[in-house]
Trainee: 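Here you go, one structure.
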Protein chains: 2
Amino acid sequence: MCSTKREGMRGIPCPKGKIERFIEPCLLLLLAEKPAHGYELMDNLEQFDFDTRCQDPGQIYRYLRRMESEGLVISAWDPGGTGPARRSYSITEDGLSLLTAWMETLEKRIIIINKLISRYQETTKKGDA
Amino acid sequence: MCSTKREGMRGIPCPKGKIERFIEPCLLLLLAEKPAHGYELMDNLEQFDFDTRCQDPGQIYRYLRRMESEGLVISAWDPGGTGPARRSYSITEDGLSLLTAWMETLEKRIIIINKLISRYQETTKKGDA
DNA sequence: ACAACTATATGTATATATCACATAGATGAG
DNA sequence: CTCATCTATGTGATATATACATATAGTTGT
C-alpha cells in the first residue's frame, strides 16, 4: 500500500519527476476549497499522487508551519471534534495570490513537457521507419 | 538576458516549479536526435526553459559525466572541429530505455497538474459567483 | 599581448526531500 | 485496567538536488 518504486534500466532509478515544492500549491488549493487540519489534508493529497500518510507524515506539518510563517495560511486550535487536539488551517489573501502565481507557473511547465513528449515521438517515429 | 526571477506576494518567491532532474530527459532526447558535445547542448536546452549557458554551465558537464558513469551515454574526444578539444556524447540503448521510462513519468505528471488546474478553476468560479 | 569566445571542469553553499523518531490523547478488545 | 491501535502533531539527522562561484585552457581577432 505504501510503495511506488520504479526502476529504469540496469538498476538506475527512473526519477519520479516530482515538481519542486509541488505540495505547496496542492495544500493551497485544498485550503482554498475549505479549511482543514494536517491529518485530514494527508488523505486529500493522495489525489495529487502524494503518499504523505505512509511516507513522511511530518513533511506536511513542516510545510504548513512554514506557510503560516510566510502569511499564506493561518491556523487555530480546533476545539470541536473527538480525538487529540487538532490545528485547523485556513488560506489567506496572500495564499490565494500565490496559488494563482503557481497556476501560471504550472501551465508553462505543461507546455514544456508537451514539447519534450512530441519531440520524443517524432524522433522514435523516424528511428523506427 | 540571464534573469527569470519571479515573486509572489509579500516578497515570497513563487517557485519555478522545476521538475526533479528534468534536465536528464532533455539531454537524453537531444542525444537521441544526434550526438553532441556539452557546449552545443547548452544552446538546445534553452528550448526546454534551461538557461545553462548563463546560469551554471558546469551543471551540464556534471550531468553528462554522471550519465556516462551510469551507462546512459558514451563519450569520446572529438578530433574534428576548431577551437578547444570537445567531448562528443552519444546515447546508448540503456539511455533510450530510460528516456522511454521518463516519458511515462512525465505523462502522469501532466495528468496530475491538469487535475490541479481544473480544480483551481472550479474553486475560483464558485468563489466569484 | 590582450580581450573575447569556445569548451570543460571542480568546490562549496543552499534548498529540498526523505528517513527515523518522539509525543500524546482517544478508543476499543481482552 | 492495560495494551494495542488510531488519530494527531511535531523534531532531528541525513541524503539529494540545484545554484553560485571559480579555475583552466585553446583559439581567434585586433
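Here is the naming used below: chain letters follow the sequence lines, and residue numbers restart at 1 for every chain. Bear in mind that the values here come from a model prediction, so they are computed numbers and not experimental data.
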Trainee: What side-chain donor-acceptor pairs closer than 3.5 Å can you find for residues 24-39 of chain A, not counting sequence neighbours?
Mentor:
residue, atom, partner, partner atom, Å
A/E24, OE1, A/R21, NH1, 3.0
A/E24, OE2, A/W102, NE1, 2.9
A/E33, OE1, B/R119, NH2, 2.7
A/E33, OE2, B/R119, NE, 2.9
A/E33, OE2, B/R119, NH2, 3.3
A/K34, NZ, A/E40, OE2, 2.7
A/H37, ND1, A/E40, OE1, 3.2
A/Y39, OH, A/R53, NE, 3.0
A/Y39, OH, A/R53, NH2, 3.0

Trainee: A/S75: which residues meet the side chain to side chain donor-acceptor pair (under 3.5 Å) condition with it, sequence neighbours left out?
Mentor: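 Checked A/S75 against side chain to side chain donor-acceptor pair (under 3.5 Å); matches are A/E68, A/R87.
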Trainee: Quick one: stems for DNA chain D, with Watson-Crick or G-U pairs under 3.5 Å, at least three in a row?
Mentor: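 Stems found: C:1-30 with D:1-30.
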Trainee: What range of DNA chain C does chain A touch, first nucleotide to last, counting atoms under 4.0 Å from its heavy atoms?
Mentor: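 First-to-last contact on DNA chain C, by the 4.0 Å heavy-atom rule, is C/dT16 to C/dT27.
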Trainee: Between D/dG10 and A/R87, is there an OP1 or OP2 to side-chain N/O distance shorter than 4.0 Å?
Mentor: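 Checking A/R87 against D/dG10: at least one side-chain N or O falls below 4.0 Å of OP1 or OP2.
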Trainee: Calculate the interatomic distance between A/D78 atom CG and D/dA8 atom P; express it in whole Å.
Mentor: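 That distance rounds to 10 Å.
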Trainee: Kindly give the heavy-atom pair with the smallest separation between B/L98 and B/L72, and that separation in Å.
Mentor: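 Heavy atoms only, the tightest pair is CD2-CD1, 3.7 Å.
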Trainee: Can you sort out the partners of A/R109 under salt bridge (Lys or Arg N to Asp or Glu O under 4.0 Å), two or more places apart, ordered by chain and number?
Mentor: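 Checked A/R109 against salt bridge (Lys or Arg N to Asp or Glu O under 4.0 Å); matches are B/D49.
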Trainee: Send over the distance from A/R53 CZ to D/dT9 C1', rounded to a whole Å.
Mentor: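 Whole-Å distance recorded here is 13 Å.
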Trainee: Can you name the nearest heavy-atom pair linking B/R86 to B/T82, along with the distance?
Mentor: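 Heavy-atom minimum between the residues: NH1-O, 4.4 Å.
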Trainee: Which heavy-atom pair separates A/F48 from A/F22 by the least distance, and what is that distance?
Mentor: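 Taking A/F48 first and A/F22 second, the nearest heavy atoms are O-CE2, 4.4 Å.
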Trainee: Applying side chain to side chain donor-acceptor pair (under 3.5 Å), name anything that partners A/Y61, two or more places apart in sequence or on another chain.
Mentor: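 A/Y61: no side chain to side chain donor-acceptor pair (under 3.5 Å) contacts found.
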Trainee: Separation of B/R86 atom CZ from D/dA25 atom C1', in whole Å?
Mentor: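 Those two atoms, CZ and C1', are 16 Å apart.
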Trainee: Walk along nucleotides 15-21 of chain D from 5' to 3' and tag each nucleotide B, S or - by protein heavy-atom contact under 4.0 Å, base first, then sugar-phosphate.
Mentor: --SSBBB
Trainee: Could you list the residues that satisfy salt bridge (Lys or Arg N to Asp or Glu O under 4.0 Å) with A/D56, not counting sequence neighbours?
Mentor: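 None.
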Trainee: Excluding sequence neighbours, so at least two apart, what forms side-chain contact (heavy atoms from CB on, under 4.5 Å) with B/I110?
Mentor: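 B/I110 satisfies side-chain contact (heavy atoms from CB on, under 4.5 Å) with A/I113, A/N114, A/I117, B/N114 only.
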Trainee: Got a sec, which residues hit side chain to side chain donor-acceptor pair (under 3.5 Å) with B/Y63, two or more places apart in sequence or on another chain?
Mentor: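 Side chain to side chain donor-acceptor pair (under 3.5 Å) check on B/Y63 returns nothing, list empty.
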Trainee: Can you tell which of D/dT28, D/dT7, D/dT9 lies closest to the side chain of B/T82?
Mentor: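 Of all the options, the side chain of B/T82 is nearest to D/dT28.
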Trainee: Starting from C1' on D/dG10, measure out to NE2 on A/H37 and report it in whole angstrom.
Mentor: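 It works out to 15 Å between those atoms.
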Trainee: What residues, two or more places apart in sequence or in another chain, satisfy side chain to side chain donor-acceptor pair (under 3.5 Å) together with A/S88?
Mentor: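 So A/S88 forms no side chain to side chain donor-acceptor pair (under 3.5 Å) with any residue.
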